[in-house]
Enquirer: 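One structure is given below, represented as structure tokens, and several questions about it will come after.
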Amino acid sequence: MGRGKIEIKKIENVNSRQVTFSKRRAGLLKKAKELAILCDAEVGVIVFSSTGKLYEFASTRMEQILARYNTNPESSKLITMENKTENEPQPQADALKSEIAKLQLVQRQMTGKELGGLNFQELQHLEHQLHEGILAVKDRKEQVLLEQLEKSKLQKVVLENEALREQVEEYRLRLYRENGQLGRKNSGVCSSTVCDCRSEKDGNSDTSLRLGLSVDICHKRKKPKTESTSNDSETLMVLE
């Protein structure tokens with residue numbers, strides 16, 4: 001499998017860019033050395049990193065190679081051609097510059113500056129544009145104001161709902177506490193009543209046991225006694 005094609009553009013990642021620079025620099029200097037040895041050429045390579053560090057290779061002496069380059073007439077021709085290319089007019093750049101100047105002038109005129117070169121129709125057209133712009137700004141301002149009012153109303157409703165929810169929770173908690181206290185009171189009354197009934201029953205049973213009688217017999221004996229007392233009272237009333 002062949003290596004994938006790498007897009008030639010600046011590497012944004014700093015670490016990846018540094019690694020690529022180290023590998024490519026080593027490869028470039030190696031190729032320059034091989035070229036000098038294999039072809040008996042005088043080679044000089046100068047490389048500056050993005051941090052400004054200098055890397056160079058020279059098959060002989062770098063000063064000698066640079067002096068030979070500066071005295072070579074072909075190198076001066078290349079420099080002259082580069083200067084001519086830089087000084088040649090570029091129509092596209094000039095057109096863009098003029099367009100930018102026009103837009104800047106219109107912007108200043110929209111703010112009421114540099115109106116001396118405008119005739120009546122141009123001033124009227126500018127006034128119409130400004131009027132339409134003012135209306136659009138007013139409409140947008142009213143729309144933003146309405147949106148802010150709606151947001152404030154919603155926030156107010158949310159706050160009121162939160163307050164009502166807290167009141168309901170407090171009311172529920174209070175009812176729960178009151179019901180709990182009432183339940184404890186009722187349970188206490190019932191327990192005390194049951195205890196009294198049990199104590200009374202236990203007392204009767206203890207008395208009966210001491211006499212050697214059962215509880216039922218004691219009740220049976222108590223009942224006729226009440227009847228006899230009622231009969232004695234009736235007899236006394238008749239005698240009187």
Side-chain angles (χ1 to χ4, degrees), residues 1-119 121-123 125-126 128-130 132-134 136-137 139-141 143-144 147-148 151:
M1 293 179 64
R3 296 177 61 183
K5 187 177 180 180
I6 300 174
E7 186 178 2
I8 304 300
K9 66 176 184 179
K10 182 181 177 181
I11 301 172
E12 298 298 333
N13 192 338
V14 178
N15 295 328
S16 299
R17 186 167 64 237
Q18 185 64 30
V19 171
T20 304
F21 174 77
S22 299
K23 291 181 179 180
R24 296 290 179 110
R25 185 199 69 227
L28 177 63
L29 298 180
K30 182 180 179 182
K31 292 294 182 182
K33 184 177 180 180
E34 292 176 355
L35 178 63
I37 295 171
L38 293 174
C39 303
D40 193 19
E42 193 172 2
V43 180
V45 179
I46 298 174
V47 179
F48 286 97
S49 67
S50 59
T51 59
K53 191 173 181 180
L54 173 63
Y55 300 91
E56 62 180 11
F57 169 78
S59 58
T60 56
R61 291 177 65 251
M62 183 60 71
E63 292 81 1
Q64 183 180 350
I65 294 172
L66 292 175
R68 184 176 178 182
Y69 175 78
N70 291 327
T71 57
N72 194 340
E74 293 183 359
S75 62
S76 61
K77 289 180 181 179
L78 292 173
I79 295 172
T80 305
M81 289 178 63
E82 290 177 357
N83 292 330
K84 286 182 179 180
T85 305
E86 292 178 356
N87 294 327
E88 285 181 357
Q90 299 179 358
Q92 187 176 3
D94 294 338
L96 290 173
K97 289 180 181 179
S98 62
E99 187 69 24
I100 291 171
K102 288 180 182 178
L103 292 174
Q104 290 176 351
L105 178 61
V106 171
Q107 183 180 7
R108 289 192 295 271
Q109 290 175 352
M110 293 290 287
T111 58
K113 299 177 182 178
E114 299 184 10
L115 302 176
L118 300 178
N119 55 23
Q121 293 181 353
E122 291 174 347
L123 290 171
H125 179 67
L126 181 61
H128 181 68
Q129 288 181 344
L130 291 172
E132 289 181 352
I134 291 171
V137 170
D139 293 338
R140 178 58 185 166
K141 184 177 71 173
Q143 184 179 359
V144 171
E147 290 176 356
Q148 290 179 354
K151 288 181 180 179

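Note that these values count all heavy atoms, side chains included, but never hydrogens, waters or copies made by symmetry.
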Enquirer: If we ignore hydrogens and angles and just use 3.5 Å, is the side chain of N72 paired with the main-chain N or O of R68 as donor and acceptor?
Expert: no

Enquirer: Would you say D139 has more than 12 foreign heavy atoms packed within less than 6.0 Å of its CG?
Expert: yes

Enquirer: For residues 48-59, dump all side-chain donor-acceptor pairs below 3.5 Å to protein atoms at least two apart in sequence or in another chain.
Expert:
unit_1	atom_1	unit_2	atom_2	d
S49	OG	T51	N	3.4
S49	OG	T51	OG1	2.9
S49	OG	K53	N	3.0
S59	OG	V43	N	2.9
S59	OG	V43	O	3.4

Enquirer: Do side-chain atoms of S22 reach the backbone of Q18 as a donor and acceptor pair under 3.5 angstrom?
Expert: yes

Enquirer: Holding to side chain to side chain donor-acceptor pair (under 3.5 Å), I want the full list of residues that pass it with E132, two or more places apart in sequence or in another chain.
Expert: H128

Enquirer: How long is the gap from CD on Q129 to NE2 on H125, to the nearest 0.5 Å?
Expert: 3.5 Å

Enquirer: Please tabulate, for side-chain N and O atoms in residues 27-38, each donor-acceptor pair with protein atoms closer than 3.5 Å (sequence neighbours left out).
Expert:
none

Enquirer: Pair up each side-chain donor or acceptor in residues 96-108 with any protein partner under 3.5 Å, not counting sequence neighbours, and list the distances.
Expert:
unit_1	atom_1	unit_2	atom_2	d
S98	OG	D94	O	3.4
S98	OG	A95	O	2.7
R108	NE	E114	OE1	3.3
R108	NE	E114	OE2	2.9

Enquirer: Any heavy-atom pair between the side chains of I65 and R61 that's under 4.5 Å?
Expert: no

Enquirer: I'd like to check the salt bridge (charged side-chain N to carboxylate O under 4.0 Å, His left out) partners of R17; sequence neighbours left out, ordered by chain and number.
Expert: none

Enquirer: So, using side-chain contact (heavy atoms from CB on, under 4.5 Å) as the criterion, who are the partners of V144 when residues are at least two apart?
Expert: R140, Q148

Enquirer: Got a second to check how far L115's CG is from L126's CG, nearest 0.5 Å?
Expert: 6.5 Å

Enquirer: Could you tell me which residues satisfy salt bridge (charged side-chain N to carboxylate O under 4.0 Å, His left out) with R25, sequence neighbours excluded, listed by chain and number?
Expert: none

Enquirer: Residues in side-chain contact (heavy atoms from CB on, under 4.5 Å) with N119, at least two apart?
Expert: Q121, E122

Enquirer: With sequence neighbours left out, what residues match T60 under side chain to side chain donor-acceptor pair (under 3.5 Å)?
Expert: E42

Enquirer: Q143 vs E147, test: side-chain contact (heavy atoms from CB on, under 4.5 Å). Steps then yes/no.
Expert: CA-CA 6 Å; Q143 184 179 359; E147 290 176 356; 3.6 Å; yes

